Structure formats: C-alpha cells, structure tokens
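Accompanying notes for the structure given below.
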Amino acid sequence: MATFLSKLGRLAFRRKGVTLLLWLLAFVGMGVAASSAPTPPADTFSMPGTESQEAFDLLTEKFPDASVDGATARVVVRAPEGTKITTPATRTGVERLVTELGASSPQVVGVADPYRSPAVSISEDGTTAYLVVTYKVPAAEVDDKAHDTLDAATEQAREAGLTVEAGGDAVKIEQAMGGTGEQIGILVSAFVLVLTFGSMIAAGMPLITALIGVGIGISGITALGSTFGLSGTTSTLAMMIGLAVGIDYALFIVSRFRAERAEGRTPEEAAGRAVGTAGSAVVFAGLTVIVALAGLAVVNIPMLTEMGLAAAGTVAVAVLVAITLVPALLGLAPVKVMARRGRLRYAVKPLSDRQRRRAAKHESKLARKTKPNLGTRWARYVLRHPVVVLLVGVIGLGTIAVPAASLELGLPGEGQMSTQTTQRKAYDLLSESFGPGFNGPLMITVQTRSTDSTGTADARTTGDKIGKALAKTPGVASVSPATANKAGDTAILTVVPTSGPTEKKTEELVHALRDTADGLERSTASRILVTGQTAMFIDFSQTLDDALLPYLALVVGLAFLLLMVVFRSVLVPLKAALGFLLSVAAALGAVVAVFQWGWLADVFGIDAPGPIMSTMPIFMIGVVFGLAMDYEVFLVSRMRESYAHGARPGEAVVDGFRYGGRVVGAAAVIMMSVFSGFIVEDNDFVKMIGFALAIAVLFDAFVVRMAIVPALFALLGRSAWWLPKWLDRILPRVDVEGEKLAGTQSAPRAPRESTLVG
C-alpha cells in the first residue's frame, strides 16, 4: 500500500499540470452535469415495515381524491380581547381571511370555513378558531408565491385587529443557516491553519482541496438525483462530513510533506513519502468513514440510506483528492508551503550573500533550540503518570455520560421551534384553546371485511363502533365520527389525545390504541391501523432506537477489522473502538443534560427542552466516528511507524505526538469551531446538532486520543502491538507505516541551494 501510494504521489507531483487539469475537468464536468440534470425529486418519507407506513399506503390507495400527501396550513385566529370569534365584526374579518386564502394561489385546493363546523373548529370559550388551507402539492413543492400570499393574507387580518398565526408543513420555515456563528467558525478554522503551518499557502491547501472534493461530490449527487431518486436534501450529510474529512486528509498530507522536507528530503521524495505514509492512513481512515456511512442502510429507512451512501461517495472523492490533487498542488509550491521563517533553507535559486547570512543565522538558532514541542512534553508527562491520566479521563467521561441513560428520542415539531416563529405561536394558541393533544391528533384507519344484508361493505358504521370503543382508552380526549370512502370499505377516524405530541403519555396512548385495536379486529371483522404524523414520529423514533445497537455493532466491528489490518494488533483497534464508544456516550450525556433536562438552557438559548431528535445519535455516530478514526489512524500510525523502525514503545508514543499531536489538535479545533457555529442558530435542533458534534470531537480528540490512548500504550508496553502468529499469517500486509519505503528510497539531504523554486 505505502509503496503504491508513494509512486502515485510522486507521479502526481511530477505531472502536476496534467493532474490539476484532470481534476479541473472533473469539477467543471460535474458542475455542467448537475446544472443540466432534471430537477431532483421532492423529499419523500417512508418507513417500510411500520404500522404508520402501512396505514399511509392504505389511505393513498383508498382515498385517491383526498391528496393525503398534499401540504396543509393551519391558520389560527383569536378574537380581540373581550370579544368572541362569532361577534359580527370578527366573523366578517375571519370570512374575509377565508376568501383571500382560497384565492391566494393556484396551488390551493380549498379552505375549511370554521363556521361550517363550529363544534370542531371553534374553541369552547368562543375566542379562538382555526381554518385549514389544503394544497394540491407536497410541502417541498409549495412555491414562493403561495408562501408570500399566505403571509400577506394573515398580515392583513392582523392589521384588522385579529391575532393570526399559521402552522403546518405549508408554512415557510425561516432558515438562519450561514449566519454570523458559522462565519466565525470558518474564520477560526483559517486562523488555526495559518497558526499551525505558518504559511498562507499551506493553510489554504486543505480548504481549497476540501471545497473541490465537496463540489464534485455534491454535483455528482445532483446530476444523479433524478436517476436514482435522490432528493435535494440528500446532500446535507455529504456536505457536512465531506468538508470535515476533506480538510483533515489534506492537512495530514501537507503536514507530513513539511516534516519530510525538514528532514532533508527533496520535494519529490517528500511528496512520495507523505502520500505513502500519511496517505495510507488517509485511505484506511476513509474506509472506516465509508463503512460508518454505508452502514446507515441497516436502519431500513430509505431517506437515511440515500444520505449515507451519498456521503460515503463524497468521502471517497475526498480520499482521491488527498492522494492526488494535494501532491500536485505541493508540486506548484514546494517552498512556499513551508513555514515563512526559515523558508530560505528550502530555496533553490542561488542565494545572495544577505540570504546566505539569514539562512545560516536561522540554522544556528535551530541548532540551539533543543526545547521539545508541546506534543512531546505532553506525551512524556502521560508516560510518567499513565494511571492518573487514564483514571481521570475514563471517570470524567463516564460521569458526563450518566445522563445518556435517560435519553428520550423524538422528532422536531412546531412545539420545539423558537417562540418568535409564527409556527410556535400557532402551536401555543391551539394548545391553550383546544388542549395540548390537539396539535398531535392520531388517525385511525378501518378497513372492513364484512358486508350488510345487501352485500355492501359499511365501513362508516363499523368505524363509529370502533370509535366508541377506542374513546374509552385512558388518554383519549375525543374521537371524531367515521368518514368512509366512496367504495364504503374503508373509514377514517381522528383521535385527539389529552397530552401533547412529544409527551411520553402520547406514545403510551399509541401503543394502548394498537393493543385495543388487535382485539377489536376480531370482533368487527376489520383491519384497524393507527397512523398520523404523531404516530409516524413515534414509529420513526422506535425504528431508529431499535437500529442503534445493530448499527454500532456493524460499524465498530468492521472498523475493528480494518484497524487490525492497519496496525497488526488486536489491542490497538480494541481500545480505539472502546474509546470511541466512551466519547459518544459522554457526548450523548451532555446533549441530554442540556437539551432534554434544560441544564444551561439560558446559556445556549434553548426555549423548550424536550426529547432529543431521533436522527441526531445516528448522524453523530457517523460523523464523529469518521473524525475519531482519522485522529486515531494518523496519530497511532506515526507510533506504529516509529515502533516498526526499531523504537521502544515509550519512544514510539513520544514520536507519534512529536509529529502528529499538533496536527491532530489543529484538525480537532477546526472541526469544533465549524460545528460550534451552529450553536448560535435560532432552531433548537440545529443548536443540538452543532453542540453534539462539537462536544463529541472535543471529548474524542483531546480526552480519548490524546490522553487515554497514550496512557494505555504506556501501561501495555510491547503488548499493545501483540498479534497472534496464526492471525498474522492470515491478515493481509498493507504497510501503512511505510516499512518498505525505507528499503526502496534513500533519504539524501537536499542541497540547501539547489532544489525546486516554489
């Protein structure tokens, strides 16, 4: 592996013009393909194998004219203080609003007038009403004109003295992404890169190559969207993790190139060794990330499978960019990529007398400078106190992980939006006037198998009978009369719970209704299914919860095998996997404490603590696992390389931190700064993702990889690299540490004044 990649790196370095041209053609070609591709399909959400999805499919079949997938907007109207919604002046204003909404957009199918069904649409105290606007298209296809006319109609009603707010999937969600916080994160990243490398050229390479890789990956997803049914949001995870690993991979190779140049190798040889060693680590780190992302398929939710595979493809592009485009760019600036101070050491033009004196002075300073860097000092400290460092790290993360035992999963709803949004205001108005369960009604579908005396199916009668039985279930506030389809073989009932859509009691009610329905199916000769948005959210959370452990087992198991091949050891991949699980548990514990329990809620601006978003743990595991394995492979591969070349175990640990500690620390700080930018967003769930990823990287990089890992190496000694002989014979040899390079390449000192000009 190292030999092949070294040859590839040297080839890209020599043929830099051709390599850059090929990547430029790929970038432009993918961009053209994406711009000319058909519009990607709208987002579709399905959960094969769940009762909610089965009921939804039945409704689509039996009620074809009901447009069950069309968007809706619930407009809530409250009369001026001291009046009723039925007051003539107020009624006139509401009816005008109904008329304007009905004629507002060609996409609107109809508007339900609250005065035609006052028992359902007007609150008991008579102060509040709601009307439903139905659209002929799904939420993703509601156009800007429809959004604007809805906003205009509600604003005009407010000017008339009414309190009007709107919720539902047809209402435009204001996005606050790309704000000040995210910009600060990018600026911090650039600052860290400049500080790490001491060169603007070296700092810019990881950013430029990462953007090129992500651009190609996202364009490819867009170009293939209509062919493979990839929606517009499929690229979200691909962009996030593609940028993260793209920066890291380029950072590792540029750093290794500079280290090889500092040891006196020529630019071409330094590029070859950088790609052969650090590039090997990049390839295997990329493989572990691809495993983690492709493993999302085990969840059996098509949307997550598509996102995982698309992100995996983007990571593969990032790996190819790192091992080919990065050495080509190094070929363009082999001198300017070095730190500005002391750059004359690597210049090849004949130096002037003044430049010779400056170079000699710098060499003299380097010779006198014997103080070890921070990574070396830290590694030596850990080697002296391994038990203390290990106990502090494990006990500290274990304590932070305790709240994770109380993890409750849910999906984002309007009740968790900012209190400044119209959706949240509408949600609160409905809860106050109609009860908390009104925002999360359940839908019961009844498909009858029996017929009356004339041989005609009568689902409405059967549905009403079932509705009376279900109304006796504790936690049910009301059950609507049954509505049958034209064929009369299927009916729909609406059940309003007494609790809110995200409360534990509502989840218990869904399970209770399904248990009751099992008994009623036999007595009524019908098929009864419980669905609705709230039930679908509950099923979705349960599906993810059930898949979490199998997903972890698959990802960690396959990564264990890959790392065993890389490091020729049993204990090194074992501690890597256990360390990752510890950091993830601690991150989940911190998320639960802040976003579910409400600790430090004021500090982070959390309006309504509640359940943790169902997809967050899976996404966090995929993203953090990729970054954790990056840090593990790069840091430990330097230790393995030193050990394979004859160093003692302790010396190998120090060497790993001397050359890799600063780079891994910089990579972690960059990722933390980028993820932390999401914490200042208005949406609580965006805050949650940003906080979870930032805190997980902090725990994994600085506690696990830089404290617990070297402490374990210190305690294990040579045993850390133990591998049974029979397993050693079976495992393929990939030579990540570059042992074969030492025999195939010499390491001549580069002439001080006769190398390439950068």
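Index from 1, following the sequence. None of the values given here were measured: they were computed from a predicted structure.
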Query - Polar contact flag, side-chain donor to acceptor under 3.5 angstrom, R256-T277 - result: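 Judged by distance alone, the side chains do pair up.
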[X] versus [Y], closest heavy-atom pair with distance:
X	Y	value
L383	A714	CD2-CB, 3.5 Å
F657	R705	CZ-O, 4.0 Å
L693	V624	CD2-CG2, 4.0 Å
V389	A707	CG1-O, 3.6 Å
P206	A250	CA-CB, 3.6 Å
M671	V697	CB-CG1, 4.4 Å

Min side-chain heavy-atom separation [X]-[Y] under 4.5 Å:
X	Y	value
V709	L635	no
L552	V584	no
V319	V289	no
V317	L320	no
M706	V382	no
V570	P724	yes
V192	S673	no
L390	V394	yes

Main-chain N/O of [Y] paired to [X] side chain as donor or acceptor, under 3.5 Å:
X	Y	result
S642	R638	no
S569	A720	yes
R14	E268	no
E260	F257	no
S6	G272	yes
S219	G215	yes
R261	R265	yes

Query raised in the report: In terms of ring plane angle, is the pair F580 and F625 parallel, tilted or perpendicular, where the classes change at 30° and 60°?
Result: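 Geometry flag for F625 against F580: perpendicular rings.
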Report task. Indicate the ring-plane relationship of F252 and Y631, choosing parallel, tilted or perpendicular according to the 30° and 60° boundaries. Result ->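 Judged by the thresholds at 30° and 60°, the geometry between F252 and Y631 is perpendicular.
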Between [atom1] of [X] and [atom2] of [Y], what distance do you get to the nearest 0.5 Å?
X	Y	atom1	atom2	answer
L293	T314	CG	OG1	9.0 Å
L723	I730	CG	CD1	9.5 Å
F13	L332	CZ	CG	9.0 Å
L561	L731	CG	CG	8.5 Å
L329	I253	CG	CD1	11.0 Å
L374	Y381	CG	OH	13.5 Å

Who are the side chain to side chain donor-acceptor pair (under 3.5 Å) partners of [X], not counting sequence neighbours?
X	answer
T324	W23
T376	N373
W378	none

Report task. List the steps and the verdict of side-chain contact (heavy atoms from CB on, under 4.5 Å) for D655 and Y643. Result -> CA-CA 9 Å; D655 284 345; Y643 180 78; over 6 Å; no
Query raised in the report: Run the side-chain contact (heavy atoms from CB on, under 4.5 Å) check on V572 and L563 step by step: do they pass?
Result: CA-CA 8 Å; V572 170; L563 293 178; over 6 Å; no
**Report entry** Pairing of R568 and D728 as salt bridge, 4.0 angstrom limit
**Finding:**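 Salt bridge flag = yes for D728 with R568.
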Query - Residues E632, K575: salt bridge by 4.0 Å N-O rule - result: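 Yes.
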Query raised in the report: Can L554 and V291 be said to form a side-chain contact (heavy atoms from CB on, under 4.5 Å), step by step?
Result: CA-CA 9 Å; L554 174 67; V291 166; 5.6 Å; no
Query raised in the report: Got more than 12 heavy atoms from elsewhere within 6.0 Å of CE, M620?
Result: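 Yes, the 6.0 Å shell around CE holds more than 12 heavy atoms from other groups.
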Query - side-chain contact (heavy atoms from CB on, under 4.5 Å) assessment of L558 paired with L562 - result: CA-CA 6 Å; L558 291 178; L562 280 173; 5.7 Å; no
